[in-house]
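Scroll down for the structure; my scribbles are underneath it.
Everything quoted here is computed from the prediction, not taken from an experiment.
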Amino acid sequence: ASPGPKAPQTSGSMKRLFGTLVDVALVSAVLASAYSAFDGRRDAAGRGVDAPPETVDPTMWSELQVSGISVGPADAKNIAVVFSDVQCPYCAQFHEVYRRVVDSSPPGTLRLQFVHYPLAYHRQARTAALAVQCAASSDMAGKALDILFAARDTLDLVDYAGLATMIELEDPTEFVNCMSHPATAEAVDSGLRLGDRVGVRGTPTVMLNGYRFIGSPDVVRFRQRLHP
């Protein structure tokens with residue numbers, strides 16, 4: 001009798017491919033778990049947004065309120081600090097909260113200190129952070145943030161020379177060159193280091209007048225901590 005058909009052999013390349021796919025799946029699961037742990041409605045420890053804000057150490061608050069990029073009047077009655085990632089959906093939601101508060105308040109009410117904290121698995125976040133940093137050198141960070149948060153889902157398609165024109169910078173080429181300058185990268189990295197020092201575990205991490213919110217505050221919760 002003739003022998004039966006041989007069982008198919010798995011080649012070394014197929015085994016390696018399978019191993020790679022398993023590794024990718026595991027990494028994706030870990031990232032998804034980390035991302036869902038901080039979903040804008042609770043913090044990484046699972047505390048909901050209804051938990052009262054925590055007091056920030058006064059020495060640390062003195063440093064935080066002059067860190068990052070300033071958006072708004074230097075003599076504002078209130079100072080907010082946000083560790084943020086332009087590609088983060090909950091950061092975009094908080095940016096809308098911030099805009100609504102500013103637009104509905106008297107001039108001089110609020111200054112925002114925007115601190116870069118681009119998450120590694122948001123592939124376009126660091127490039128966007130570099131652009132915001134370069135816009136800040138011309139006092140146009142606020143406009144850049146408005147545009148980039150609105151384009152959050154399509155950041156890979158952003159023409160940064162075109163962004164420079166949209167925020168009314170005179171030299172788009174200089175702006176693009178600024179994005180690749182080592183000093184710009186260092187400014188972004190310094191935000192990451194500061195965030196690690198203060199225990200940032202997700203974005204956005206929002207503070208106001210020396211208090212740190214649990215999760216991302218809505219307009220009502222944010223206004224409750226504003227000085228009149």
Side-chain angles (χ1 to χ4, degrees), residues 34 37-86 88 90-119 125 129 132-133 135-137 139 141-142 145 149 183-228:
F38 188 91
D39 66 357
R41 298 295 299 168
R42 61 186 65 85
D43 70 355
R47 295 173 296 179
V49 296
D50 293 331
E54 300 174 338
T55 302
V56 179
D57 175 78
T59 302
M60 178 56 70
W61 180 246
S62 296
E63 179 181 354
L64 288 168
Q65 62 184 320
V66 293
S67 298
I69 295 169
S70 293
V71 181
D75 59 349
K77 296 178 181 179
N78 300 272
I79 301 172
V81 176
V82 59
F83 287 84
S84 191
D85 169 324
V86 177
C88 157
Y90 302 106
C91 297
Q93 289 180 10
F94 173 72
H95 188 71
E96 178 62 23
V97 168
Y98 157 74
R99 290 297 335 163
R100 288 175 60 188
V101 170
V102 169
D103 293 344
S104 62
S105 301
T109 296
L110 180 63
R111 182 176 89 240
L112 177 70
Q113 296 297 131
F114 182 94
V115 185
H116 300 293
Y117 204 84
L119 302 176
V132 173
Q133 185 64 37
S137 64
D139 292 327
L145 286 169
F149 271 124
T184 309
E186 172 56 26
V188 173
D189 291 338
S190 68
L192 290 166
R193 290 193 298 269
L194 178 59
D196 292 342
R197 278 204 294 123
V198 301
V200 168
R201 298 176 65 187
T203 56
T205 293
V206 182
M207 306 175 196
L208 177 63
N209 295 332
Y211 290 91
R212 178 174 178 164
F213 289 98
I214 306 304
S216 183
D218 58 19
V219 171
V220 173
R221 291 184 66 237
F222 191 83
R223 281 197 172 280
Q224 287 174 348
R225 291 289 170 178
L226 284 178
H227 300 319

Taking the side chain as every heavy atom from C-beta outward, state whether [X] and [Y] have any pair of such atoms under 4.5 Å apart.
X      : Y      : result
Val101 : Leu226 : yes
Val206 : Tyr211 : no
Thr203 : Pro118 : no
Val56  : Val198 : no
Tyr98  : Leu145 : no
Val97  : Phe94  : yes
Ser216 : Gln93  : no

Under the side chain to side chain donor-acceptor pair (under 3.5 Å) test, residues paired with [X] that sit two or more places apart:
X      : result
Asp103 : Arg99
Glu63  : Arg197
Ser105 : Arg223
Arg212 : none

Measure the CG-NE2 distance between Asn209 and His227 for me, rounded to the nearest 0.5 Å.
-> 3.5 Å
Just by distance, do the side chain of Asp85 and the backbone of Cys91 share a donor-acceptor pair under 3.5 Å?
-> no
Would you confirm whether Asn78, through its side chain, and Thr109, through its main-chain N or O, come within 3.5 Å as a donor-acceptor pair?
-> yes
Hey, could you give me each pair passing salt bridge (charged side-chain N to carboxylate O under 4.0 Å, His left out) that has a residue in residues 68-77? Not counting sequence neighbours.
-> none
Can you list every salt bridge (charged side-chain N to carboxylate O under 4.0 Å, His left out) pair that touches residues 183-195, not counting sequence neighbours?
-> Arg126-Asp189, Glu186-Arg193
Taking only residues two or more places apart in sequence or in another chain, which ones pass side chain to side chain contact (heavy atoms under 4.5 Å, CB included) with [X]?
X      : value
Val220 : Asp218, Gln224
Ala187 : Gln133
Gln65  : Trp61, Ser62, Ile79

Starting from the C-alpha separation in whole Å, work towards a yes-or-no answer on side-chain contact (heavy atoms from CB on, under 4.5 Å) for Val200 and Leu194.
-> CA-CA 9 Å; Val200 168; Leu194 178 59; over 6 Å; no
Heavy-atom closest contact ([X] atom, [Y] atom, distance):
X      : Y      : value
Phe149 : Cys88  : CE2-O, 4.5 Å
Ser70  : Arg111 : OG-NE, 4.1 Å
Val115 : Gly68  : CG2-CA, 4.1 Å
Gly108 : Pro73  : CA-CG, 3.7 Å
Tyr117 : Gly195 : CE1-CA, 3.8 Å
Gln113 : Val66  : NE2-C, 3.9 Å

Listed by chain and number, what are the ring-ring contact (aromatic ring centres under 6.0 Å, His included) partners of Phe114, not counting sequence neighbours?
-> His116
Set of ring-ring contact (aromatic ring centres under 6.0 Å, His included) partners for Phe83, sequence neighbours left out = none
